[in-house]
Amino acid sequence: MTFAATILTLYPEMFPGPLGVSLAGRALERGDWSCETVQIRDFAKDKHRTVDDTPAGGGAGMVLKPDVLGAAIDSILPGTGRGTSEAGGGALSPDQNGSEQPTVPLHHPADGPPPPVGEAIPILAMTPRGKPITQARIREIAQGPGVAILCGRFEGFDERIFEAYPQIEQVSLADIVLSGGEPAALAILDACIRLLPGVMGAPDSGVEESYENGLIEYPQYTRPAEWEGRTIPEVLRSGDHAKIAAWRKARSEEDTRLRRPDLWERYSDARDQSASGARRKD
């Protein structure tokens with residue numbers, strides 16, 4: 001089954017971008033995933049294809065308009081029919097319901113367009129106001145049929161969009177502010193694509209790494225055994241798999257405690273829960 005990605009953006013030329021090379025690029029060529037871009041500006045109602053306006057109450061910057069965004073979102077939802085006849089700038093073609101929808105470029109045309117986004121496919125809105133996405137959520141998305149990502153710009157989205165579409169998840173990549181949601185969308189797609197079956201060579205590559213068990217990953221080493229007076233830890237050259245596993249777990253825990261106290265606190269809380277849900281006494 002092809003993992004279908006639908007990106008709602010003002011800059012469709014940014015996709016697939018770096019996802020067209022390396023592992024993700026080869027997976028795209030094989031048809032493991034597909035990428036459809038929806039140009040938000042095609043749903044503007046005026047001749048200038050305006051997508052933003054000044055903030056209500058005053059302030060700097062511009063805000064993405066809810067009527068334009070709503071029409072763009074409706075174009076990927078089955079059976080809505082809103083925002084189609086008034087959309088400008090794109091060619092129109094009949095959809096499965098008989099209404100007209102703007103056609104959009106597919107980066108992997110051989111697979112055909114991805115299915116309409118329904119309840120089974122999550123819709124993410126990239127915004128610094130959103131909840132930081134986690135590796136656990138990435139894995140959940142990668143195990144499904146696909147994802148739709150709404151890329152913010154300027155001062156962000158009109159809040160009424162999230163009231164009208166409660167199924168949209170507001171997510172952020174980190175505690176940073178970008179010029180737009182596209183780089184964050186690319187990062188989230190990359191995180192999902194690498195977990196698709198057959199994309200990475202070794203099956204364990206997506207399991208033994210940072211965040212998969214609530215910890216950051218242990219340090220990695222490779223040949224040469226000595227470099228500038230620094231050697232690979234003896235335990236990793238011992239051939240004793242039990243000792244190696246114990247060393248790796250201990251280093252993951254220690255490095256997480258020192259570098260990511262937020263992760264360490266969550267990991268410690270989860271570890272200290274008994275089967276009944278009560279915390280064990282120290």
Side-chain angles (χ1 to χ4, degrees), residues 1-40 42 72-73 75-78 90 93 95-96 101-126 130 132-152 167-169 171-174 178 180-212:
M1 180 179 68
T2 298
F3 181 86
T6 303
I7 312 297
L8 293 84
T9 173
L10 293 172
Y11 297 95
E13 62 273 16
M14 295 180 68
F15 297 88
L19 300 182
V21 299
S22 189
L23 293 177
R26 290 193 289 272
L28 182 64
E29 293 175 357
R30 288 195 304 267
D32 295 341
W33 70 285
S34 65
C35 185
E36 178 186 23
T37 56
V38 176
Q39 170 57 269
I40 296 173
D42 286 345
I73 294 168
S75 76
I76 65 170
L77 295 175
S93 62
D95 71 356
Q96 61 184 4
Q101 298 285 351
T103 58
V104 291
L106 292 175
H107 292 296
H108 199 75
D111 286 337
V117 175
E119 293 183 0
I121 296 183
I123 306 176
L124 311 182
M126 303 311 308
I133 197 162
T134 65
Q135 185 66 19
R137 183 64 182 124
I138 289 291
R139 185 169 288 279
E140 290 174 355
I141 294 172
Q143 291 172 347
V147 65
I149 303 180
L150 179 59
C151 298
Q167 70 269 44
I168 295 178
E169 300 177 43
V171 300
S172 66
L173 193 62
L178 303 173
E182 288 80 10
L186 287 167
I188 287 178
L189 282 182
D190 181 74
C192 291
I193 293 164
R194 63 189 297 275
L195 295 180
L196 299 179
V199 174
M200 290 187 290
D204 289 342
S205 296
V207 177
E208 292 191 8
E209 57 188 12
S210 293
Y211 313 120
E212 287 295 339

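In this chain, numbering begins with 1 at the start of the sequence shown.
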Looking at every non-hydrogen atom in both residues, tell me the closest pair between [X] and [Y] and how far apart they are.
| X | Y | result |
| --- | --- | --- |
| Gly198 | Arg30 | O-NH2, 3.6 Å |
| Glu182 | Cys151 | OE2-CB, 3.5 Å |
| Ala185 | Ile149 | CB-CG2, 3.7 Å |
| Phe15 | Cys35 | CB-SG, 4.1 Å |
| Pro122 | Gly146 | CD-O, 3.4 Å |
| Leu28 | Ser34 | CD1-CA, 4.1 Å |

Could you give the distance from [atom1] ([X]) to [atom2] ([Y]), rounded to the nearest 0.5 Å?
| X | Y | atom1 | atom2 | answer |
| --- | --- | --- | --- | --- |
| Asp32 | Thr2 | CG | OG1 | 7.0 Å |
| Leu10 | Ile40 | CG | CD1 | 4.5 Å |
| Met126 | Leu186 | CE | CG | 10.5 Å |
| Ile121 | Phe3 | CD1 | CZ | 8.5 Å |
| Leu23 | Arg194 | CG | CZ | 8.5 Å |
| Ile188 | Ile138 | CD1 | CD1 | 5.5 Å |

Ile7 backbone acceptor or donor facing Thr37 side chain under 3.5 Å: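 Answer holds: no.
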Sequence neighbours excluded, every pair satisfying side-chain hydrogen bond (donor to acceptor under 3.5 Å, both in side chains) that has a member inside residues 19-28: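 Applying side-chain hydrogen bond (donor to acceptor under 3.5 Å, both in side chains) to every pair that reaches into residues 19-28, excluding sequence neighbours, yields nothing.
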I want to check something: taking the side chain as every heavy atom from C-beta on, are [X] and [Y] in contact at a cut-off of under 4.5 Å?
| X | Y | result |
| --- | --- | --- |
| Leu195 | Met200 | yes |
| Leu19 | Trp33 | yes |
| Glu169 | Ile141 | no |

